[in-house]
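Please read all numbers here as calculations on a predicted model, not as lab measurements. One-based numbering along the sequence shown.
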Amino acid sequence: MSIKENVDIILKRIEESAKKSGRDFRDITVIAVSKTVDAQRAKEAVESGIINLGENRVQELVKKYEELKDTNVKWHMIGHLQRNKVKYIIDKVEMIHSVESLSLAEEINKRAAQKNLLCKVLIELNIGGEESKFGISEDSIYEFLKSMEDFENIKVMGLMTVAPFSENPEDVRWVFRKMKNIFDEISGMNYKNTQMKYLSMGMTNDFEIAIEEGANIIRIGTAIFGAREYKED
Ligand SMILES: *Cc1c(COP(=O)(O)O)cnc(C)c1O
């Protein structure tokens, strides 16, 4: 199937999940995850109506940023970000989804200040508690947001998670539900430099469950571009 057909199917499925949970599908943003996908195919997604593309590697993001410069695509950094690479993407990304340490936040703040930018970020939570996953624990999010009050060039726009993989996505519904509870709780609090707007969760395997539980950004790779040929991590 073509990328255009895949995108159309995803949009339809989003609409159905939104309907099922009484939500407006227009409130849900799809990020097409173009990691390992060449620029031509990434461009095809943009021509199929995709506005947001996600990458998990700095080098690849920067390369495609140049190759797709004549489109209006917005780039999202969704993968583990090393401090020494922040400078390469700070003025190229719409949002960084994977902030999971104070030292990374500090570096983002510093580089954003140098360019006179306000960098939008999400805080990555590790709800499943898997050791192989990045993200801060749910217990430390409050203290973390308190520390973010010092960073004038960062705006925390919400939370992100990668749920543990399971053949049956129902198995991870609790992860999404817990994320939404934390999201709502923080929304009622008053941290400086934080405005809870986005809940980024759900991938090819589990996005419908994530939407039912309140995701408003989903990150879809395989269902749009097909299976990746090589391992990305
Ligand atoms: C690769 C990746 C995705 C997309 O995964 P698919 O299962 O291919 O949809 C989403 N989020 C992150 C952080 C990723 O690294």
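A parallel orientation is assigned to the rings of F134 and H80, their planes being inclined by less than 30° (bins at 30° and 60°).
The neighbour count for K74 NZ, taken as heavy atoms of other residues, nucleotides or ligands under 6.0 Å away, does not exceed 12. Heavy atoms of other residues, nucleotides or ligands lying less than 6.0 angstrom from CG of L145 number more than 12. Residue-environment remark: OH (Y88) stays at or below the threshold of 12 foreign heavy atoms within 6.0 Å.
Contact annotation: the side chain of I78 never approaches that of S98 to less than 4.5 Å [non-hydrogen atoms, C-beta and beyond]. Residues M157 and Y198 are in side-chain contact: their nearest non-hydrogen atoms beyond the backbone lie under 4.5 Å apart. Within the 4.5 Å cutoff, the side chain of T29 has heavy atoms near those of the N52 side chain. Proximity of I136 to I123: side-chain heavy atoms (C-beta onward) are separated by under 4.5 Å at one or more points. Between L53 and V46, the closest side-chain pair of non-hydrogen atoms falls below 4.5 Å. Residues M196 and L159 meet the side-chain proximity criterion, which asks for heavy atoms closer than 4.5 Å. Using a 4.5 Å cut-off on side-chain heavy atoms (C-beta onward), V86 and L104 make contact. Contact annotation: the side chain of F144 never approaches that of S137 to less than 4.5 Å [non-hydrogen atoms, C-beta and beyond].
The distance from the NZ atom of K155 to the CG atom of L118 is 7.0 Å, given to the nearest 0.5 Å. Between atom CD1 of residue I186 and atom CG of residue N190 there is a gap of 12.5 Å, rounded to the nearest 0.5 Å. For the atom pair K110 NZ and N153 CG, the distance stands at 13.0 Å (nearest 0.5 Å). The CE atom of M77 sits 10.0 Å away from the CZ atom of R57 when rounded to the nearest 0.5 Å. Separating the CD1 atom in I211 from the CE atom in M201 is a distance of 9.5 Å, to the nearest 0.5 Å. Distance check, rounded to the nearest 0.5 Å: CG of D139 to CD1 of I141 gives 11.0 Å.
Linking ILVMFWY residues whenever their side-chain heavy atoms come closer than 4.5 Å, directly or via other members, places M179 and W174 in the same cluster. Under a hydrophobic clustering in which Ile, Leu, Val, Met, Phe, Trp and Tyr are joined whenever their side-chain heavy atoms come within less than 4.5 Å, directly or via other members, V121 and V33 fall into different clusters. Taken together through direct or relayed side-chain contacts under 4.5 Å among Ile, Leu, Val, Met, Phe, Trp and Tyr, L122 and M189 form parts of separate hydrophobic clusters. The hydrophobic clustering, which links ILVMFWY residues whose side-chain heavy atoms are closer than 4.5 Å, places M95 and Y191 apart. Hydrophobic cluster membership differs between I31 and F207, with clusters built from Ile, Leu, Val, Met, Phe, Trp and Tyr side chains linked at under 4.5 angstrom.
Between K180 and D184, at least one side-chain nitrogen of the basic residue sits less than 4.0 Å from a carboxylate oxygen of the acidic one, meeting the salt-bridge criterion. Of the charged side-chain nitrogens involved, none lies within less than 4.0 Å of a carboxylate oxygen, so that E15 and K19 do not count as a salt-bridged pair. Ion pairing between a basic and an acidic side chain is recognised when a charged N comes within 4.0 Å of a carboxylate O; D8 and K12 show no such pairing. Note on K146 versus E149: salt bridge recorded, some NZ/NE/NH1/NH2 to OD/OE distance being below 4.0 Å. Ion pair K69/E66 flagged as a salt bridge, since at least one NZ, NE, NH1 or NH2 atom sits closer than 4.0 Å to an Asp/Glu carboxylate oxygen.
Checked by atom type and distance alone, the side chain of S34 never pairs as donor or acceptor with a backbone atom of V37 at under 3.5 Å. Looking only at distances, no side-chain donor or acceptor of R23 sits under 3.5 Å from a matching main-chain atom of I28. A donor-acceptor pair under 3.5 Å is absent between the side-chain atoms of D206 and the main chain of I209, judged by distance alone.
Taking every heavy atom of both residues into account, N6 and A223 meet most closely at CB-O, 3.3 Å. The two atoms that bring D171 and S166 nearest to each other are OD2-OG, 2.8 Å, heavy atoms only. Between M160 and H97, the shortest heavy-atom distance links the atoms CB-O, 3.4 Å. In terms of heavy-atom proximity, F151 sits nearest to N193 at O-ND2, 3.1 Å. What you find for I224 and I3 is that their closest heavy atoms are O-CG1, 3.8 Å. Closest of all the heavy-atom pairs between E107 and R83 is CG-O, 3.4 Å.
A donor-acceptor contact closer than 3.5 angstrom is absent between the side chains of E143 and S140. A side-chain donor-acceptor contact under 3.5 Å links E185 and Y142. Using modelled atom types and a 3.5 Å distance limit, the side chains of T161 and E124 yield no donor-acceptor pair.
Partner of E55 under the salt bridge (charged side-chain N to carboxylate O under 4.0 Å, His left out) criterion, chosen from R219, K85, K64, K63: K64.
Pairs engaging residues 207-217 under the salt bridge (Lys or Arg N to Asp or Glu O under 4.0 Å) rule: R13-E208, K20-E212, R173-E212, R173-E213, R177-E213 [sequence neighbours left out]. Among pairs with a residue in residues 189-204, those fulfilling salt bridge (Lys or Arg N to Asp or Glu O under 4.0 Å) read E152-K192, at least two apart in sequence or across chains. Residue pairs meeting the salt bridge (Lys or Arg N to Asp or Glu O under 4.0 Å) criterion with at least one partner in residues 41-54, sequence neighbours excluded, are K43-D70.
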**Asked** Do I14 and I218 pass the side chain to side chain contact (heavy atoms under 4.5 Å, CB included) test, and can you show the C-alpha distance, the side-chain angles, and the key distance before you say yes or no?
**Response** CA-CA 9 Å; I14 291 170; I218 58 171; 3.6 Å; yes

**Request:** Could you go through the side chain to side chain contact (heavy atoms under 4.5 Å, CB included) check for I127 and F176 one step at a time?
**Result:** CA-CA 9 Å; I127 296 293; F176 300 135; over 6 Å; no

**Message:** side chain to side chain contact (heavy atoms under 4.5 Å, CB included), that's the test. Do I182 and L125 meet it? Break it down for me.
**Reply:** CA-CA 10 Å; I182 298 168; L125 292 185; 4.1 Å; yes

**Request:** Go through the steps for I89 and L81 under the test side chain to side chain contact (heavy atoms under 4.5 Å, CB included), then give the verdict.
**Result:** CA-CA 10 Å; I89 61 160; L81 178 56; 4.0 Å; yes

**Request:** Show your working on salt bridge (Lys or Arg N to Asp or Glu O under 4.0 Å) between E130 and K133 and close with a plain yes or no.
**Result:** CA-CA 6 Å; E130 289 175 291; K133 289 245 163 74; 2.6 Å; yes

**Request:** Apply side-chain hydrogen bond (donor to acceptor under 3.5 Å, both in side chains) to the pair S103 and E106, showing each step before the final yes or no.
**Result:** CA-CA 5 Å; S103 59; E106 196 168 11; over 6 Å; no

